[in-house]
Amino acid sequence: MLSATLNRASRSTRARRAVESFPLTRRVVDRFVPGETTADAVAATRRLVATGRTVTLDVLGEDVLDPAGARALCDSYLALLAALAEAGCADGADVSLKLSAMGQALPGGTTIAADHAAEICAAAAAVGCTVTLDMEDHTTVDSTLAIGAALRASYPFVGNVLQTNLRRTPGDLADLDGTGARIRLVKGAYREPESVALQRKAEVDRAYERAIDALMASDCHPMIATHDPAMLDRAVRAAGAAGRGTGDWEVQMLYGVRPALEQRMVDEGRRMRVYLPFGTDWYGYFMRRLAERPANVAFFLRALAHR
Ligand SMILES: Cc1cc2nc3c(=O)[nH]c(=O)nc-3n(C[C@H](O)[C@H](O)[C@H](O)COP(=O)(O)OP(=O)(O)OC[C@H]3O[C@@H](n4cnc5c(N)ncnc54)[C@H](O)[C@@H]3O)c2cc1C
């Protein structure tokens, strides 16, 4: 119930104004978003790389509804890639793109978003970075998978994301087997109708387990993106059964959610990538993190109460 309300609020302009205007919201947001500028992102990358982790960087922004906004976000990614290269930390880094931030929802948006993403891929290729297309709500899945496939023709390092709450995902995973694509597996962060998505957490978890097995057995590069230790144990077993070495798959977690579990992965010698969002447009991302875990709302309210 609370989670559904927060998910709705993540797309409400009124709720956005209210949350953004709380003076101490920023202190709580810092737990999940380590800064607003490209320099902050590069500094956070350096810190994480020094601890044996790699990163995927996200310039915050989504649901962009004007061409200038999409252009500006594309330019922010180009500036980020240049700054990473300049700082000597581009090699092995990844950037995560939301196609809605690249203009996907504009008239003719598929072409606009694909063109912006291609520009970013060219810049990423030049500095040794990879690119992953985040997955948004179910209405965007066909377009995002199609753009991923088209980009891979020139940039084989382009990854897609599959959400196990969606009923279509086993079919999408079977279609991607044979492409060798980098595939990030997530449970799904968007509130979706029953016609297209599993509603009960236990069902989504079972679907996630089945998808781990299928992904590990495929020729794709699995990126197991979860903070759920039971899923990580399952991934370790499935990787072993599929004969994959530690370099043949990776674990991903969101910045600030479970640093101790990240450390356990590093200590076990696993490839650990942290999703590092930065920028001023943190509202939608932050609200989805609250929706995933109602205890975070209590944390948020406590911080406000102690201001
Ligand atoms: C690297 C990465 C990239 C992602 N990209 C996408 C994407 O492109 N599209 C998309 O729809 N979703 C994406 N997600 C979000 C994902 O779909 C889930 O909503 C999110 O990861 C929570 O699910 P979980 O697998 O961690 O398991 P859950 O069962 O939800 O959580 C397991 C445990 O993790 C901890 N936990 C989980 N979330 C939080 C939180 N917010 N705060 C504090 N503790 C928490 C809790 O201890 C919880 O008990 C991504 C997640 C990760 C890790």
Side-chain angles (χ1 to χ4, degrees), residues 29-62 64 69-103 113-134 147-148 151-152 154-161 181-184 221 223 225 247 249-257 259 262-263 265-266 270-282 285:
V29 171
D30 282 348
R31 174 180 163 192
F32 297 114
V33 179
E36 296 197 343
T37 66
T38 302
D40 293 335
V42 172
T45 300
R46 275 190 203 282
R47 282 197 302 275
L48 287 164
V49 168
T51 64
R53 293 150 168 84
T54 54
V55 295
T56 178
L57 291 139
D58 169 32
V59 184
L60 288 166
E62 53 196 273
V64 170
R71 182 66 247 171
L73 267 163
C74 179
D75 288 341
S76 301
Y77 274 97
L78 299 178
L80 169 66
L81 289 162
L84 286 171
E86 167 97 25
C89 31
D91 197 29
D94 181 75
V95 291
S96 285
L97 304 185
K98 282 191 175 41
L99 291 179
S100 75
M102 298 288 128
D115 287 350
H116 284 143
E119 233 181 288
I120 293 167
C121 288
V127 298
C129 277
T130 54
V131 176
T132 305
L133 305 180
D134 281 353
I147 291 174
L151 288 170
R152 273 192 292 278
S154 307
Y155 306 103
F157 57 68
V158 173
N160 273 118
V161 177
R182 297 169 58 251
I183 299 297
R184 176 194 297 159
H221 177 77
M223 303 185 280
W249 64 288
E250 65 187 62
V251 177
Q252 298 190 347
M253 294 185 209
L254 303 176
Y255 178 85
V257 171
E262 283 173 22
Q263 190 57 46
M265 293 296 114
V266 173
R270 314 215 178 280
R271 290 179 68 185
M272 177 69 238
R273 192 180 295 278
V274 177
Y275 188 104
L276 204 55
F278 74 97
T280 50
D281 194 1
W282 44 260
Y285 179 87

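Worth knowing before you read on, the calculation uses all heavy atoms, side chains too, and leaves out hydrogens, waters and symmetry mates.
Remark: Arg46 CZ to Thr51 OG1 distance equals 14.0 Å, nearest 0.5 Å. How far CG of Asp134 is from CZ of Arg184: 5.0 Å, rounded to the nearest 0.5 Å. Note that CG of Leu276 is 8.5 Å distant from CZ of Arg47, once rounded to the nearest 0.5 Å. Of the inter-residue distances, the one linking Met272 atom CE with Glu262 atom CD reads 4.5 Å to the nearest 0.5 angstrom. The distance from atom CG of Leu97 to atom CG of Leu151, rounded to the nearest 0.5 Å, is 9.0 Å.
For Asp75, the CG atom counts as densely surrounded, since its 6.0 Å shell holds more than 12 non-hydrogen atoms of other residues, nucleotides or ligands. The environment of CD in Gln263 is crowded: more than 12 heavy-atom neighbours from other residues, nucleotides or ligands sit within 6.0 Å.
No donor-acceptor distance shorter than 3.5 angstrom exists from the side chain of Arg273 to the backbone of Gln252, with no hydrogens or angles considered. At least one donor-acceptor pair under 3.5 Å links the side chain of Arg152 to the backbone N or O of Val158. Between the Arg182 side chain and the Phe157 main chain, a donor and an acceptor come within less than 3.5 Å of each other.
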Subject >> side chain to side chain contact (heavy atoms under 4.5 Å, CB included) between Val161 and Leu133, intermediate numbers included >> reply: CA-CA 7 Å; Val161 177; Leu133 305 180; over 6 Å; no
Subject >> salt bridge (Lys or Arg N to Asp or Glu O under 4.0 Å) between Lys98 and Glu62, worked out >> reply: CA-CA 6 Å; Lys98 282 191 175 41; Glu62 53 196 273; 5.2 Å; no
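Nearest approach of Ile147 to Ala113, heavy atoms of both residues: CD1-CB, 4.5 Å. Here the shortest heavy-atom pairing between Leu60 and Val33 reads CD1-CG1, 3.8 Å. The minimum heavy-atom distance between Ala83 and Val42, with the atom names listed, is CB-CG2, 3.9 Å. Nearest heavy-atom pair across Asp40 and Pro34 is CB-O, 4.2 Å. Nearest heavy-atom pair, Gly61 versus Ala101, reported as atom, atom and distance to 0.1 Å: O-CB, 3.3 Å. Shortest non-hydrogen contact noted between Gly103 and Ala70 is N-CB, 3.7 Å.
Test Tyr285, Tyr255, Tyr275 against Asp58 for side-chain hydrogen bond (donor to acceptor under 3.5 Å, both in side chains) and you get one pass: Tyr275. Shown are Asp94, Thr56, Asn160; of these, the side-chain hydrogen bond (donor to acceptor under 3.5 Å, both in side chains) with Thr132 is made only by Asp94.
With a 4.5 Å cut-off on side-chain heavy atoms, Thr37 and Phe278 do not count as touching. Residues Ile120 and Cys74 meet the side-chain proximity criterion, which asks for heavy atoms closer than 4.5 Å. Proximity of His221 to Glu250: side-chain heavy atoms (C-beta onward) are separated by under 4.5 Å at one or more points. By the 4.5 Å heavy-atom criterion applied to side chains, Leu84 and Leu57 are counted as neighbours.
Sorted by first then second residue, the salt bridge (Lys or Arg N to Asp or Glu O under 4.0 Å) pairs that include residues 113-125, not counting sequence neighbours, are Arg71-Glu119.
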